[in-house]
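See structure below.
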Amino acid sequence: MKLTCFGRYGPYPKGGSATSCYMISHDGKNVLIELGCGGLSKFLAQYTVADIDAIVLSHLHADHMGDMLTLRYALKVAQINGSITKGVPVYCPDKPKTEAGMLAADPLMDTVPLCDGYRCKIFNMDVSFAHMPHPYESFAMRFSADDKTFVYSGDVMDNDRLAVFAKDADLFLMEAALQQKDVHSKSAHLSAVRAGEIGMQANAKRMLITHLFPEYDERDVISEVRQHYKEARMIEENKTYEV
Ligand SMILES: [Zn+2]
Ligand SMILES: [Zn+2]
């Protein structure tokens, strides 16, 4: 499996960049993970709509799915010009109803609702999902193929479940949206310090950090993650990683 990053910011992009948008590729199939604002532009700089074999969304906050709404138009045009002949499978939560309804109503998006513990085969990858605490219903996801495992946290409030779900991942993509100075008791996201700690508890072989707040200096975030997980790195846009 290979992981490509098209967008890494949240909850809004840095100028010229994109919010959460990744792609896991395996056996000639491309599965988009999140399609945040600016992600479609970054994706289309290298691929076409016909290259999207499936989409997985951790949750329906706009910084993770905003460009799904524009993708509807691109899919329609691709159908008219014959470059696609059927809808794209979209694995996503079915809440909140407003956002989920917009996706489910599109004839070229075949939505599959997620629930805690849901397991499926997406092409030649075994995929499982775990519900994570966040203001919108959110899921961490685990992809396995050829004895390699990739785990993505999605957006997540601090909890003890994520480290268990991510156990022994070869590559762990983890959000670390907050520096310690901005953490409070009701934070909707992980702090960089906790992200590092969870990566260690999970025994992840490699860890990439994402959901970078555009007003932060990424070096400050990474140095906080490295208090616990020394080799953590910030994911980079337009870069591909072997799982
Ligand atoms: Zn987010
Ligand atoms: Zn969110």
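Just the heavy atoms: all of them, side chains too, but no hydrogens, waters or symmetry mates, feed the values below. Quick caveat, the model's predicted, so the values are computed rather than measured. In each ligand, atom 1 is the first atom listed, and ligand 1 is the first ligand listed.
- A salt bridge links Glu218 and Arg8; the closest N-O separation between the charged side-chain nitrogens and carboxylate oxygens is under 4.0 Å.
- Taking the six-membered ring for Trp, Tyr22 and Phe6 have ring centres at least 6.0 Å apart.
- With respect to the Zn ion (ligand 2), His134 has NE2 as its nearest N, O or S atom.
- With sequence neighbours left out, the side-chain contact (heavy atoms from CB on, under 4.5 Å) criterion links Cys120 to Tyr91, Tyr118, Ile122, Val127, Phe129.
- Ser58 and Glu34 share a side-chain donor-acceptor pair at under 3.5 Å.
- Residues Phe165 and Ser128 are in side-chain contact: their nearest non-hydrogen atoms beyond the backbone lie under 4.5 Å apart.
- Comment: Asp146 does not engage Lys148 in a salt bridge, judged by the lack of any side-chain N to carboxylate O separation of less than 4.0 angstrom.
- Excluding waters, the protein N/O/S atoms found under 2.8 Å from the Zn ion (ligand 1) are Asp63 OD2, His64 NE2, Asp155 OD2, His211 NE2.
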